[in-house]
Amino acid sequence: MILKYDVIIVGGGHAGCEAACSAANMGAKTCLVTMDMNKIAQMSCNPAIGGIAKGQIVREIDALGGQMGLVTDATSIQFRMLNVGKGPAVWSPRAQCDRGKFIWEWRRHLDATPNLDIWQDQADELLVENGEAIGIRTIWGAEFHAKCVVLTAGTFLNGLMHIGRKMVAGGRIAEPAVPHLTESITRHGISTARMKTGTPVRIDKRSVHFDELEIQPGENRPYQFSYMNRCGALKQLPCWTVNTNAEVHEILRSGLADSPLYNGQIQSIGPRYCPSIETKLVTFPDREKHPLFLEPEGEDTNEMYLNGFSSSLPMDVQIAALKKIPAFRDLTVYRPGYAIEYDFFDPTQLYHSLESKIIPNLFMAGQVNGTTGYEEAGGQGTMAGINAALKAGSAASEGGEAYKPFTLHRDEAYIGVLIDDLVTKGVDEPYRMFTSRAEYRILLRQDDADARLTEKAYELGLAKRDRYDWWQEKKRHIEEIEAFCQNFAIKPRLFNSALEALDTTPLQFGCKLVDLVNRPQLNLKNLSEIIPPLKEVLSRPSNRQEEIAEAAEIRMKYKGYIDRERTVADKMHRLEDIKIKGHFNYSELQGLSTECRQKLERIQPETLGQASRIPGVSPSDINVLLVLMGR
């Protein structure tokens with residue numbers, strides 16, 4: 001049986017779901033092939049979305065017309081804004097979700113997406129003809145032919161799970177590995193390697209003494225991920241914190257000889273920024289305690305997730321150690337933590353569109369590119385789905401109109417930073433996004449993703465009219481607030497007593513309201529209590545008033561920083577505009593360092609800007625290329 005589509009998505013995780021919705025919403029006839037329709041977008045590890053820099057990515061996915069923000073808001077059981085004690089460039093939204101309801105909400109979105117079919121099966125072979133991907137064959141012998149294939153197989157490619165010395169093949173606990181798909185890809189010249197990740201023990205909350213834990217409630221402010229949502233639907237639940245102790249560490253150390261990480265059983269690369277508890281003990285031997293976070297898996301389940309206790313130690317060691325924490329002395333677990341090894345492909349073999357440089361029409365997204373995290377996967381999936389749909393549409397168009405990929409620059413989105421890092425620098429460990437990876441953080445705030453991306457998505461046909469109209473309405477209200485503050489005159493004799501009551505210096509001369517907004521002690525909310533016309537302006541939007549006011553306030557308070565960073569970014573665009581691909585035979589350029597020649601020859605960057613970000617390419621190497629380009 002041969003089924004024909006424009007775009008085939010292999011894998012129903014976070015990357016695959018976003019890729020499928022993006023391609024289908026752009027009009028491509030799309031099929032999502034997944035092993036288990038009941039585990040769509042499964043949160044394999046932590047039941048949470050967002051976090052430092054990750055939350056910004058979710059906002060960007062939403063601004064592009066993606067689904068992750070909508071699904072998260074509908075299933076959130078706790079919301080927090082991280083880093084609010086710092087500047088807004090690093091504010092990061094994070095939501096705890098109901099794991100089971102998250103899956104079914106995603107199913108609802110997929111089922112409601114036009115042009116999208118779902119096929120439950122396991123991909124077994126990539127079909128390649130004349131050097132180009134043309135489809136896949138499944139383990140049941142079904143063939144899917146398509147103009148483009150998007151691979152989002154997560155941790156399933158030759159997945160191998162570890163608990164102590166016990167090893168079981170699988171892509172996730174109780175789910176089979178995919179054994180042959182990698183070989184069907186690498187035989188065409190794509191290189192592969194292995195990575196490792198892990199997940200913690202799952203705990204029965206009925207066995208926990210919560211009175212001996214420190215409660216960590218969520219926030220009451222009406223934060224949400226999606227600009228299209230109005231309110232959450234689920235009961236809000238707290239999390240709890242607790243620390244390990246010396247007895248816990250002693251038992252854990254006793255099991256290190258049987259740890260796959262230290263007995264030679266696991267050779268692959270693990271995540272630096274989400275280490276296992278045994279790695280923490282080895283790396284920080286003098287630490288007397290490590291923090292753990294007990295998080296609910298849903299509003300009506302007893303299952304809880306112990307964040308900070310990722311482990312692949314023998315199960316008896318894990319449980320015995322946890323029972324030395326007083327609150328866990330009567331502990332009952334659903335299953336121990338485990339580690340998993342899996343195949344990934346060197347992402348420097350991809351274009352910025354996430355299409356393979358080696359096998360045309362093959363796109364890759366998510367952990368197969370060496371990343372870790374639902375949000376990083378979702379961002380890549382969105383872009384891969386967009387570009388697969390664009391290329392499929394180009395192939396189907398009359399006259400063979402040239403395919404122009406959709407890409408995002410580093411000053412346009414964290415998704416742009418993520419993909420640029422992957423394809424120009426590659427990975428030597430599972431890649432996780434941080435605000436520190438973005439050089440234009442003040443331009444990439446969580447509050448302005450819609451300002452950066454929604455109009456682009458609308459032009460693509462991905463963001464629909466309701467999203468575009470809402471952005472236009474929000475934009476008008478922000479500009480109205482800014483204009484009011486820039487023009488409203490403040491007279492000292494009328495406001496000085498109120499300013500002193502707000503612990504800020506009284507005025508000697510009159511000023512504009514924007515000058516008061518820029519004071520650190522003041523904000524639009526407390527100023528609106530003493531300036532009735534401002535309160536009236538802030539109350540005009542029919543919904544999301546707080547979100548709109550916050551966006552306007554950030555733009556006013558940080559205008560100088562925003563303008564300065566925009567100037568720097570615009571200067572860097574000059575390097576991005578200098579195309580170098582195909583201009584040089586790098587191996588013959590003796591003015592470049594040996595490492596530089598080797599890296600440029602292998603990666604073949606499109607522009608001088610991309611070349612400048614490749615590790616091993618120095619500023620002097622860039623100067624040599626500029627001279628050779630006649631610049």
Side-chain angles (χ1 to χ4, degrees), residues 6-28 30 32 40-41 49-50 53-72 106 109-110 113 115-116 148-152 154 225-228 347 350-355 363-369 371 373-393 405-410 412-423 431 433 444 446 449-450 452-464 467-468:
D6 295 322
V7 177
I8 298 293
I9 314 294
V10 179
H14 301 272
C17 287
E18 292 291 358
C21 285
S22 294
N25 280 324
M26 289 178 64
T30 305
L32 173 63
I40 290 285
I49 295 293
K54 293 167 173 281
Q56 283 88 328
I57 291 177
V58 181
R59 284 268 166 89
E60 292 172 356
I61 293 170
D62 183 71
L64 287 168
Q67 310 301 308
M68 185 177 281
L70 290 163
V71 173
T72 300
W106 249 115
H109 281 254
L110 292 171
T113 301
N115 306 311
L116 177 58
C148 293
V149 176
V150 183
L151 179 67
T152 67
F225 273 111
S226 178
Y227 299 104
M228 302 302 292
L350 301 173
Y351 296 111
H352 278 72
S353 63
L354 296 180
E355 183 180 12
F363 294 77
M364 296 185 178
Q367 286 184 272
V368 294
N369 289 340
T371 63
Y374 316 137
E375 305 81 4
E376 290 89 342
Q380 292 173 72
T382 300
M383 299 298 287
I386 290 171
N387 283 305
L390 288 173
K391 188 164 190 185
F406 174 72
T407 59
L408 294 170
H409 294 299
R410 297 179 70 91
E412 291 180 308
Y414 272 93
I415 294 173
V417 175
L418 163 65
I419 292 174
D420 187 63
D421 280 352
L422 291 176
V423 304
Y431 181 101
M433 179 53 72
L444 306 181
Q446 58 83 31
D450 50 355
R452 293 182 273 119
L453 300 174
T454 292
E455 293 190 24
K456 293 177 183 291
Y458 183 67
E459 290 171 2
L460 285 169
L462 184 56
K464 304 308 177 187
R467 185 179 293 272
Y468 178 78

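Since this is a predicted model, take the numbers as computed values, not measurements.
- Between the side chain of T382 and the main chain of E18, no donor-acceptor pair closer than 3.5 Å is present.
- Taking all atoms of both residues into account, the shortest heavy-atom contact from S226 to G69 is CB-C, 3.9 Å.
- Checked by atom type and distance alone, the side chain of K464 pairs as donor or acceptor with a backbone atom of N25 at under 3.5 Å.
- Between atom CG of residue L408 and atom CD1 of residue I386 there is a gap of 7.5 Å, rounded to the nearest 0.5 Å.
- The two atoms that bring F406 and N387 nearest to each other are N-OD1, 2.6 Å, heavy atoms only.
- E375 places no side-chain N or O within donor-acceptor distance of the main-chain N or O of V58, the cut-off being under 3.5 Å.
- A20 and L116 make their closest contact through CB-CD1, 3.9 Å (heavy atoms, listed as atom of the first residue, atom of the second, distance).
- Here the closest non-hydrogen pair linking D421 and R410 is OD1-NH1, 2.8 Å.
- Here the shortest heavy-atom pairing between A53 and M433 reads CB-CG, 3.5 Å.
- Among all heavy-atom pairs drawn from A392 and C148, the shortest one is N-SG, 3.9 Å.
- In this structure, T454 contributes its side chain and Y468 its backbone to no donor-acceptor pair below 3.5 Å.
- In summary, the side chains of T30 and N115 do not present any donor paired with an acceptor at a separation below 3.5 Å, with no hydrogens or angles considered.
- In this structure, CD in E376 is found 11.0 Å from NE2 in H14, a value given to the nearest 0.5 Å.
- Put simply, the side chain of Q446 never gets that close to the backbone of R59: no donor and acceptor are under 3.5 Å apart.
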